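First up is the structure itself, then whatever we jot down about it.
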Amino acid sequence: MSKKTLLTKEEILHLAKLAGLTLSESQLKRLPNDLSSVIEYMSKIKSLNTTGVKETTQVTNLKNVFREDVIEKERMFTQEEALSNAKNTLDGYFKVKAIFNN
Amino acid sequence: MLLEKTINELAEGLRKKQFSCENLVKECYENIEKYNKKINAFITIIDKKTALKNARKKDKTLSKASSKLHGIPFVLKDAYVTKNIKTTSASFVLKEYIPQYNATVYQKLLDAGAILVGKMNMDAWGHGGSSENTDFGSVKNPYNLERSAGGSSGGNAAAIASRMCVFAIGEDTGGSIRNPASWCNISGLKVTYGRVSRYGTIAYASSFDSVGPMAKSVEDLAIVLETIAGKDKYDATSSPNTVLKYSQEMTKPIKDIVIGIPTEFFGKGLEKEVSDEIMAAIERMKTFRVKFKKISIPLFDYGLPVYYLIGPSETSSNLGRYDGIRYGQERRFFTDETARRIMIGTYALSSGYYDAYYKQAQKVRTLFIEEYKKAFTQCDAIIMPVMPTPAVKLGELLNNPLLNYLADIYTVSQNPVGVPSLAIPCGFSKEGLPIGMQLVGKMFSEDLLLKLGYHYQSITDWHKKSPGLISK
């Protein structure tokens, strides 16, 4: 296998953006190598022939687990409880940065 | 020391009034005060006065109808939400998180009358196998303070080994119960996926995560399992299969069981001391009606890629919810290891790589399921190592992510398949470090695994040994 890193600094920055992570300078320095070595190792999975094999997403053997569409009051949070771990609230709501321009 | 006793012995003693719940809880706090500074097993210690008050209440309410867990002190990995008790998953992202509800497993234990004494240190979000990837300082192994207690449920294992509680609830996504169990000389059970409700578990990889007991002995595991297992309307993936009376099942005689020895799991990379102890355990087990048979799991080498592609993919999605809005802290508080796993998952799921990595891993997961099924046509259970070496030195794996992941090779392939696995002590290294082995079974074969473990522990006494730290 080649020693060249699979991932460049630019690609790392792109991934971080997708993942909503802000990387420190030291992380940015190490991550291209760290991630490349891991992904390179895991890449051996590509060599297995999986033609015609179905994917497995879960192993419960359960299908269509339904419940009654009713409100369970004993499991409901009060507005106060729902907001109890939020740092920024306003008038009983979560306060977030604006995502639309005026 | 009361904490050397099994749950059965404690339940009997409490009923005969030989000692009280208060005595028992007091002893936990004495040991916590003596040893926790050295091993750093706890993130949150429940206020002693509160716990003792609770214990006195339990002394009063003990009746014939009480569960065996009534008045028994336990701890939870800090990955379970507990109403009004700080829950961190060992990450500063959740540094100040106070849950508004209880995880099902915790609620069931409260209903049984068990007493919570603490929330335990771990690798943050379950990301690691050494309990070093934590924002609360690494957990030390009670058998050697310079060594890792294993992970990710390291605080649990270290606390049981140092007799700070009777049992613990761990969470196993790729070895997180079995690995620390084997490094701290205790017993741990990774249950069949869905056997115990995950409701209120802080998710790592939702299709792998399994909630299970850790304790000094298999006998104790069985009692805890029959209390916590079962269908939960709040977890659609929990199984409706009947919960057996495991503690009664396990005492029945073993009849004509075949245990497979998979050649690939005893090859290169496995330290000789570990392999020797497991081989000795096999010899000991031959005194039961158990036959051993060499089998092959040719896909062995692909277990790590399956796990380390699907696990991080699911975690990158699960950890997306920590946006600093509902839980307080921002995403910049994720540790380096967690950032790496999120990034690997994001990579495997991103367009252009999805088919080659994530989708391919899900297909190989199918092949693994078939491979285990095939193996179980030749045997009833499979014996294998838990970890390639006894406990590593602290810091040894931390800065090399790939090396770190390779240490998980024996424990990662069971979670994608869903099968249960029991980790039990089987010896010590020359340096005095514990060595464990695991018995893997078919889906929902916890009864058989516990029976094998129970009988094994009835002829061995590794599980009764405790670290020098606490006898001094």
Side-chain angles (χ1 to χ4, degrees), chain A residues 6-7 11-12 14-24 26-27 30-31 33-35 37-62 64-68 72 75 77-78 80-88 94-97, chain B residues 96-101 193-194 206-207 233-234 236-240 299 301-302 304-306 308-309 316 320 323-332 334 336 339-340 342-348 350 356-357 359-369 401-402 405-406 416-418 443:
Chain A
L6 287 166
L7 290 163
E11 285 168 308
I12 294 286
H14 176 65
L15 279 177
K17 196 180 158 210
L18 291 175
L21 295 173
T22 321
L23 301 176
S24 65
S26 72
Q27 281 179 318
R30 282 201 320 271
L31 277 169
N33 263 323
D34 282 359
L35 293 197
S37 68
V38 172
I39 290 166
E40 196 172 292
Y41 180 86
M42 304 307 164
S43 287
K44 69 174 167 189
I45 202 168
K46 290 198 239 176
S47 66
L48 273 181
N49 182 359
T50 53
T51 319
V53 178
K54 279 196 180 147
E55 297 129 69
T56 296
T57 53
Q58 55 103 348
V59 294
T60 62
N61 283 319
L62 300 171
N64 296 336
V65 179
F66 293 118
R67 64 167 175 84
E68 288 302 311
E72 290 178 44
R75 207 159 65 117
F77 287 171
T78 61
E80 200 180 318
E81 280 173 329
L83 294 170
S84 61
N85 282 292
K87 283 240 162 63
N88 293 305
F94 291 108
K95 195 175 153 189
V96 297
K97 279 184 192 154
Chain B
E96 291 153 16
Y97 173 52
I98 310 284
Q100 309 94 322
Y101 67 106
Y193 183 82
S206 306
S207 80
K233 65 175 177 175
Y234 299 150
T237 63
S238 63
S239 169
L299 275 178
D301 268 344
Y302 295 94
L304 280 169
V306 168
Y308 275 108
L309 289 168
S316 76
D323 52 11
I325 296 171
R326 285 165 297 163
Y327 305 95
Q329 307 279 347
E330 295 161 34
R331 292 174 76 74
R332 66 185 164 88
F334 282 128
D336 285 357
R340 275 195 288 269
I342 292 176
M343 299 274 282
I344 292 166
T346 305
Y347 178 82
S350 61
Y357 292 99
K359 202 167 165 183
Q360 174 74 352
Q362 295 284 54
K363 287 179 178 173
V364 178
R365 184 179 189 178
T366 307
L367 297 179
F368 254 102
I369 292 171
L402 185 59
Y405 299 169
L406 295 180
V417 177
M443 295 294 273

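Since this is a predicted model, take the numbers as computed values, not measurements. Residue numbering restarts at 1 for every chain, and letters A, B, ... go by the order of the sequence lines.
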ask   = Would you call A:V59 and B:V417 a side-chain contact if the rule is heavy atoms closer than 4.5 Å?
value = no

key: Atom pair CD/OH of A:E72 and B:Y234 - distance to nearest 0.5 Å   = 4.0 Å

inquiry  = Any non-hydrogen side-chain atom of B:D301 less than 4.5 Å from a side-chain atom of A:K44?
reply    = yes

ask   = Is there a side-chain contact between B:R331 and A:T22, using heavy atoms and a 4.5 Å cut-off?
value = no

query = Can you tell if the side chain of B:R326 reaches within under 4.5 Å of the side chain of A:F94, non-hydrogen atoms only?
reply = yes

ask   = Considering only heavy atoms, which portion of A:S43 lies under 4.5 Å from any heavy atom of chain B: side chain, backbone, both, or neither?
value = both

task = Heavy atoms only: give me the nearest B:K363-A:T50 pair and the separation to one decimal.
result = CD-OG1, 3.6 Å

query = Measuring heavy-atom distances to chain A, does B:P240 have an atom under 4.5 Å in its side chain, in its backbone, in both, or in neither?
reply = side chain

ask   = How long is the span from the OH atom in B:Y405 to the OH atom in A:Y41, to the nearest 0.5 Å?
value = 13.0 Å

ask   = So which of A:D34, A:L23, A:N88 has the largest heavy-atom pair count under 4.5 angstrom toward chain B?
value = A:D34

query = Based on non-hydrogen pairs under 4.5 Å, which of A:I39, A:L18, A:V96, A:L83 is most in contact with chain B?
reply = A:I39

ask   = When rounded to the nearest 0.5 angstrom, what distance separates NZ in A:K17 from OG1 in B:T346?
value = 13.5 Å

query = Is it the side chain or the backbone of B:L309 that comes within 4.5 Å of chain A heavy atoms, both, or neither?
reply = side chain

ask   = Is a donor on one side and an acceptor on the other found under 3.5 Å between the side chain of A:N85 and the backbone of B:I98?
value = yes

query = What part of B:S206 lies closer than 4.5 angstrom to a heavy atom of chain A: side chain, backbone, both or neither?
reply = neither

Among A:K95, A:Q58, A:K54, residue most engaged with chain B (heavy-atom pairs, under 4.5 Å) = A:K54

request  = Look at B:Y97, B:F368, B:F334, B:Y347 and state which one has the largest set of heavy-atom pairs under 4.5 Å with chain A.
outcome  = B:Y347

key: Over all atoms of both residues, closest heavy-atom pair of B:A236 and A:L62   = O-CD1, 3.6 Å

query = With respect to chain B, which residue among A:H14, A:R30, A:R67 yields the maximal number of heavy-atom pairs within a distance under 4.5 Å?
reply = A:R30

ask   = Which one of B:Q360, B:R332, B:R340, B:E330 has the most heavy-atom pairs closer than 4.5 Å to chain A?
value = B:Q360

query = Can you find a pair of side-chain heavy atoms, one from B:V306 and one from A:I45, that are under 4.5 Å apart?
reply = yes

query = What distance do A:L35 atom CG and B:M343 atom CE have between them, rounded to the nearest 0.5 Å?
reply = 5.5 Å

inquiry  = Taking A:E81's backbone N and O only, do any of them form a donor-acceptor pair with B:Q100's side chain (distance below 3.5 Å, no angle check)?
reply    = yes

inquiry  = Does any backbone or side-chain atom of B:Y357 lie under 4.5 Å from a heavy atom of chain A? Answer side chain, backbone, both or neither.
reply    = side chain

key: Distance (rounded to the nearest 0.5 Å) between B:I344 CD1 and A:L15 CG   = 10.5 Å

inquiry  = Tell me whether B:T366 contacts the main-chain N or O of A:T56 through its side chain, where contact means a donor paired with an acceptor under 3.5 Å.
reply    = yes

task = Using non-hydrogen atoms and a 4.5 Å limit, figure out which bit of B:A361 sits close to chain A: side chain, backbone, both or neither.
result = both

inquiry  = Out of B:D323, B:T237, B:L299, return the one with the most heavy atom pairs under 4.5 angstrom to chain A.
reply    = B:T237

inquiry  = Nearest 0.5 angstrom please: A:E68 CD to B:K233 NZ, how far?
reply    = 11.0 Å

inquiry  = Looking at A:E80, I'd like to know if its CD atom is crowded, meaning that more than 12 non-hydrogen atoms belonging to other residues, nucleotides or ligands lie closer than 6.0 Å.
reply    = no

ask   = Of the listed residues (B:I342, B:I325, B:L304), which shares the most heavy-atom pairs with chain A below a 4.5 Å separation?
value = B:I325

request  = Heavy-atom pairs under 4.5 Å with chain B are the metric here; pick the option from A:V65, A:L21, A:L48, A:T60 that has the most.
outcome  = A:L48

